[in-house]
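A short worksheet on the structure shown next.
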Amino acid sequence: MTDPRHHERGEADPAITLVQGDITRESADAIVNAANSSLLGGGGVDGAIHRRGGPAILEDCRKLRASHLGKGLPTGRAVATTAGDLDARWVIHTVGPVFSEAEDRSDLLASCYRESLRVADELGARTVAFPAISTGVYRWPMRDAARIAVATVRAAETDVAEVRFVLFDERSYAVFAAEVG
Ligand code: AR6
């Protein structure tokens, strides 16, 4: 790809890497937050990111709510803010679906990964760290969430070079590792 005129988005698939641990300790161009529509904070990854990232992230989120996201960020969409004190340039906030037995919301979960990578491309981020979106408070079964996450990233047309899944515990790490193969 020496001639940028011949470069087409998504020519090479992103490398998928796996890490077990706390995503707020990662160093990446962008760290993805499993947020809620309010963008004003919560528990789980969201709480950890705001705690370690400091008040600048919430300040940006409030600005988004005061401007074009007055009603909040819809499920399946993504938006970027500063990363504050985190070792990253941006936090990309996305809202996963709450798991439902009655309704298949897989497309919305896939959309979180796709939209986050689209925002990453807009920013020029090359390394992006993701948590296992929707698998905590939103109760999505880990195996199914891993299947959707890995398949969606593999199918994505993106200039992101590395997608790093950061899994909080041993079990979720093992599930993702089995999925990546
Ligand atoms: N680093 C990496 N993974 C983590 C961390 C961390 N520091 N902390 C938790 N996890 P969750 P959701 C794992 O609940 O299901 C919030 O209140 C966790 O074990 O953070 O999308 C938001 O404001 C699980 O596997 O996100 C929303 O209201 C995964 O991250 C709601 O929760 C996701 O768990 C979103 O729920």
Side-chain angles (χ1 to χ4, degrees), residues 16-62 64-65 69 71-81 83-88 90-101 103-117 119 127-150 152-153 162-180:
I16 294 180
T17 56
L18 301 178
V19 168
Q20 187 190 326
D22 178 349
I23 200 167
T24 68
R25 302 286 185 178
E26 289 298 307
S27 165
D29 291 335
I31 291 176
V32 176
N33 181 21
N36 60 60
S37 288
S38 81
L39 293 178
L40 301 179
V45 181
D46 198 9
I49 282 176
H50 282 284
R51 260 194 313 279
R52 193 171 299 277
I57 300 175
L58 189 57
E59 208 175 290
D60 264 11
C61 288
R62 287 193 198 283
L64 289 169
R65 289 299 311 275
L69 289 176
K71 289 180 179 162
L73 182 67
T75 303
R77 297 264 306 276
V79 70
T81 66
D85 300 330
L86 297 177
D87 191 8
W90 302 282
V91 168
I92 297 174
H93 306 261
T94 189
V95 182
V98 175
F99 180 73
S100 164
E101 297 274 6
E103 187 188 9
D104 183 4
R105 299 175 179 165
S106 304
D107 285 350
L108 284 169
L109 184 55
S111 174
C112 289
Y113 290 94
R114 258 194 314 268
E115 285 292 296
S116 296
L117 291 173
V119 170
T127 55
V128 180
F130 279 95
I133 298 162
S134 286
T135 63
V137 174
Y138 287 172
R139 304 187 318 273
W140 206 290
M142 191 59 75
R143 272 192 65 178
D144 198 51
R147 179 184 63 76
I148 292 166
V150 171
T152 304
V153 165
E162 183 197 353
V163 166
R164 191 182 312 148
F165 290 112
V166 183
L167 295 321
F168 207 39
D169 54 29
E170 222 169 283
R171 191 190 147 258
S172 50
Y173 180 91
V175 170
F176 267 73
E179 194 59 45
V180 170

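Keep in mind that this is a model prediction, so the values were computed, not measured. In this chain, numbering begins with 1 at the start of the sequence shown. Any value given below was found using the heavy atoms of this structure, including those in side chains, with hydrogens, waters and symmetry copies removed. Every number for a ligand or one of its atoms is a count from 1 in the order of the listing.
Here is the list of ligand 1 atoms found below 4.0 Å of a heavy atom in D22: 1 (N), 6 (C), 7 (N). Of all atoms in ligand 1, numbered sequentially from 1 with element shown, those under 4.0 Å from a heavy atom of G21 are 1 (N), 2 (C). Listed by atom number, the atoms of ligand 1 under 4.0 Å from G42 heavy atoms are 17 (O), 23 (O). Near A34, meaning under 4.0 Å from one of its heavy atoms, ligand 1 places the atoms 21 (O), 22 (C), 26 (O), 35 (C). Less than 4.0 angstrom separates some heavy atom of G44 from each of these atoms of ligand 1: 8 (N), 20 (O). Close approach to M142 involves these atoms of ligand 1, each under 4.0 Å from a residue heavy atom: 25 (O).
Among all non-hydrogen protein atoms, the one lying nearest atom 1 (N) of ligand 1 is I23 N, 2.9 Å. Taking atom 14 (O) of ligand 1 as the reference point, the nearest protein heavy-atom neighbour is V137 N, 2.8 Å. Scanning the protein for heavy atoms near atom 15 (O) of ligand 1, the closest one is G136 N, 2.8 Å. The protein atom (non-hydrogen) at minimum distance from atom 17 (O) of ligand 1 is G43 N, 2.7 Å. Given atom 21 (O) of ligand 1, the protein heavy atom at minimum distance is S134 N, 2.8 Å.
Taking distance alone, with nitrogen or oxygen atoms compared against 3.5 Å, T24 stays at or beyond that limit from ligand 1. In terms of polar-atom proximity, defined here as any N/O pair under 3.5 Å, V45 does make such a contact with ligand 1.
Minimum heavy-atom separation, L73 to T94: CD2-CA, 4.2 Å. Smallest separation of non-hydrogen atoms from V166 and A129: CG2-CB, 4.1 Å. Summarising the geometry of A35 relative to D46, their closest heavy-atom pair is CA-OD2, 3.8 Å, with the distance given to 0.1 Å. Smallest separation of non-hydrogen atoms from V19 and R164: CG2-CD, 3.7 Å.
Using a 4.0 angstrom heavy-atom cutoff, A132 counts as in contact with ligand 1. Ligand 1 has no atom lying under 4.0 Å from any heavy atom of S38.
At least one side-chain heavy atom of P131 sits less than 4.5 Å from a side-chain heavy atom of V32. A heavy-atom distance below 4.5 Å is found between the side chains of W140 and I148. Between F130 and L117 the shortest side-chain heavy-atom distance falls below 4.5 Å.
A distance-only check finds a donor-acceptor pair linking the side chain of S116 to the backbone of C112 [under 3.5 Å]. In this structure, T152 contributes its side chain and R114 its backbone to no donor-acceptor pair below 3.5 Å. Not a single donor-acceptor pair under 3.5 Å links the side chain of D29 to the backbone N or O of A88.
Considering I31, D46, T135, D169 only, the shortest heavy-atom separation from atom 24 (C) of ligand 1 involves T135.
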